[in-house]
Amino acid sequence: MSHQELSEQEIIRRNSLQKMRELGIDPYPAAQYHVNTTSAKIKAGFAKNENNFQDVVIAGRMMSQRIMGKAAFAEIQDHEGRIQIYVNRDEICPGEDKALYNEIFKKLLDIGDIIGVKGFAFITQMGELTVHVKELTVLSKSLRPLPIVKEKDGQTFDAFTDPEQRYRQRYVDLIVNPQVKDTFMKRTVIYNTMRQMFNEYGYHEVETPILQPIPGGAAARPFITHHNALNMPLYMRIANELYLKRLIVGGFEGVYEFSKDFRNEGMDRTHNPEFTVMEIYVAYKDYKWMMEFTEEICERVAVALHGTTKVQLGDHVIDYKAPFPRVTMTEAIKEHTGYDITGKSEAELRDICDKLGIETDPSMGKGKLIDEIFGEKCEGNYIQPTFIIDYPVEMSPLTKKHREHPELTERFELMVNGKELANAYSELNDPIDQRERFQDQLSLSEKGDDEAMFIDQDFLRALEYGMPPTSGMGIGMDRLTMFMTNSPSIQDVLFFPQMKPEKKAVELTEDEKIVHNLLQETSPVELNELKTKSELSNKKWDKAIKGLTSKKVAKVENTGAGLSITIL
RNA sequence: GACUCAGUAGCUCAGCUGGUAGAGCACAUCCCUUUUAAGGAUGGGGUCCUGGGUUCGAACCCCAGCUGAGUCACCA
């Protein structure tokens with residue numbers, strides 16, 4: 001990057017860096033810096049025992065600086081918060097040489113630089129707990145100015161709020177917006193709470209493949225990739241269900257996995273292409289047991305985060321106090337639409353959809369139609385935690401048939417705030433039934449449902465060896481985190497939400513611009529056609545198109561039928 | 001994918017009816033030894049998202065595009 005592209009402030013900071021080196025200060029020292037406490041520990045402990053804080057060493061990022069002649073105040077932010085420091089010229093420079101204060105601290109250090117200080121804690125005349133600095137060490141020079149967010153009496157000034165910048169430069173967001181960091185700390189507390197609980201129960205945390213030859217366990221469009229050495233397609237996993245159940249077959253009686261899943265579908269406030277699911281499978285249990293287990297998870301997580309089962313979420317207070325109501329899908333639909341779907345045929349269900357104003361298409365089977373009715377008319381009504389239970393068999397190909405109603409399955413979804421939070425079954429372990437259900441999915445697929453499941457022969461083989469009765473459950477961890485931290489968007493609970501890559505404006509020559517404009521009208525386009533349209537000479541054409549490809553603005557591909565040019 | 005809104009200094013934002021681009025913070029120089037969204041003085045800093053068009057003249061109006069956000073659709 002040339003100096004011309006740098007802003008004035010960036011140039012000044014690079015110059016400061018240079019001057020620092022000239023003064024014999026290493027702006028990026030290698031040696032370990034021995035910190036002996038943190039901002040939060042000083043704040044928590046000073047009032048109880050001042051003597052414990054007469055020799056403190058802390059390090060962090062300088063977030064503000066108030067210089068008054070021979071003395072100055074600054075704030076240091078470490079991983080637990082901020083604390084003020086007091087810097088006096090004659091104390092950090094006891095001899096004749098005052099350069100460390102006059103030059104380094106006052107002029108060459110900037111907001112954002114990382115420093116370490118040694119000193120003692122005291123209270124200023126204004127009542128602020130402060131570290132009186134005896135020794136100051138430069139630990140890392142920052143070359144870019146940070147947004148300066150200020151706060152007074154709970155009011156925030158000049159907040160760094162632009163969502164695009166916050167998501168693209170999450171590191172900056174984390175530095176200047178403490179509430180953002182807090183959300184991610186809470187996310188970790190949620191994981192730790194759940195892990196601890198599962199481990200208390202004696203279940204094993206395991207890992208299963210992300211690259212799979214057959215994407216199974218859910219109805220979703222997968223990402224596809226290619227393995228060069230094997231020369232075969234591989235899919236990114238959409239769920240881990242089928243692998244975890246293989247482990248139950250293998251003799252584990254309780255397994256769980258926190259797993260990144262990938263779905264090649266739309267993105268919005270609640271969907272990111274990669275997201276995290278926790279799936280757990282426990283042998284000799286059924287979905288009724290799993291409901292109580294799920295209640296315990298919710299209660300423990302809420303209490304770990306908030307000290308209570310009541311959690312604010314938007315305009316609602318969600319109470320995760322067990323037990324949650326159990327409502328069958330049939331009851332739910334009857335309650336919110338007035339229609340009883342019991343024993344209805346596909347045609348009758350389609351008729352109900354028409355009357356309710358729900359669009360249908362011929363690829364939808366019975367299960368999908370019922371799912372549509374529920375999703376359209378019922379789902380949004382369940383704000384407080386509610387188990388919706390006993391789903392139609394068509395929409396649950398991996399679930400055991402209901403012990404009393406063979407047209408239903410032993411399945412529940414936990415609804416919170418009108419959205420699905422968890423999904424669980426008494427797992428289907430009859431291999432012959434399972435094979436038939438897969439066959440049914442296949443015929444759905446042939447009807448045009450591109451989410452219907454593939455047949456996983458190896459999974460069927462595993463079931464044929466015998467799987468104990470098992471209950472399994474999955475929780476969307478991102479959604480759980482959103483609910484538990486009152487975050488309105490999934491981007492607020494993912495450090496690095498998926499975004500389009502940043503595009504830099506590229507300088508184009510006149511001829512390149514002509515070709516580029518034509519490409520904006522039609523792309524991809526056949527090479528000779530584009531060349532004719534551009535009306536450029538052979539030489540100019542060649543130069544223009546080579547320029548565009550080298551600047552990664554366009555790409556030339558051999559399609560077999562000829563050369564085709566695509567805009568990037 | 002559709003619609004709506006937005007893009008101006010490092011950050012947050014003004015910018016009237018189209019007429020030489022502004023403020024606060026930050027930055028630079030200076031004053032000040034317990035300040036605290038420090039204060040005071042002076043100064044520097046701009047591809048007004050990009051490309052066209054209208055116009056004597058465009059940050060502003062029109063068209064196209066890019067990026068983001070929101071709503072909806074799709075999607076467990």
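Here is how names work: the chains are called A, B, and so on, in the same order as the sequence lines, proteins then strands, and each is numbered from 1.
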Under 4.0 Å, heavy atoms only, any strand: does Glu151(A) hit a base, just the sugar-phosphate, or nothing? sugar-phosphate
Counting only side-chain heavy atoms from C-beta out, which of C25(B), A69(B), U12(B) sits nearest to Tyr167(A)? A69(B)
Rounding to the closest angstrom, what is the interatomic distance between G45(B) and U29(B) at atom C1'? 15 Å
Touch check for Glu75(A), heavy atoms < 4.0 angstrom, all strands: base, sugar-phosphate only, or nothing? nothing
Using a 4.0 Å heavy-atom cut-off across all strands, classify Ser64(A) as base, sugar-phosphate, or nothing. nothing
Taking all non-hydrogen atoms of both residues, which atom of Arg479(A) and which atom of Glu420(A) are closest, and how far apart? NH1-O, 2.9 Å
For a quick check under 3.5 Å, do Thr330(A) and Thr328(A) share a side-chain donor-acceptor pair by atom type? no
According to the Watson-Crick and G-U wobble definitions, with both distances under 3.5 Å, which nucleotide is paired to U20(B)? none
With both distances under 3.5 Å as the test, what is the Watson-Crick or G-U wobble partner of G1(B)? C72(B)
Scoring nucleotides 27-35 of chain B by protein non-hydrogen atoms under 4.0 Å (B base, S sugar-phosphate only, - none) yields SS-S-BBBB
Taking atom C1' in both U17(B) and C25(B), compute the distance separating them and give it to the nearest angstrom. 32 Å
Can you tell me how far P of A69(B) sits from CG of Asp173(A), to the nearest Å? 13 Å
Name the nucleic acid region contacted by Ala159(A), choosing base, sugar-phosphate or nothing; use a 4.0 angstrom heavy-atom cut-off, strictly under. sugar-phosphate
For the pair made of NE2 in His271(A) and C1' in A73(B), what is the distance, rounded to whole Å? 13 Å
Distance between C1' atoms of C61(B) and A23(B) (Å, rounded): 26 Å
Between Phe120(A) and His132(A), what is the ring plane arrangement, given parallel below 30°, perpendicular above 60°, and tilted in between? parallel
Suppose you measure atom C1' in A6(B) against the same atom in C49(B); what distance do you get, rounded to whole Å? 11 Å
Going by the angle between their ring planes, with limits at 30° and 60°, are Phe258(A) and Tyr256(A) parallel, tilted or perpendicular? perpendicular
Side chain to side chain donor-acceptor pair (under 3.5 Å) evaluation trace for Thr208(A) with Arg237(A): CA-CA 10 Å; Thr208(A) 62; Arg237(A) 79 171 154 210; 3.2 Å; yes
Base paired to U35(B) (Watson-Crick or G-U; both N/O distances under 3.5 angstrom): none
So does Asp162(A) reach the base of G7(B) with its side chain, donor to acceptor, closer than 3.5 Å? no
How many angstroms lie between CG in Asp173(A) and CD in Gln169(A), if you round to the nearest 0.5 Å? 10.0 Å
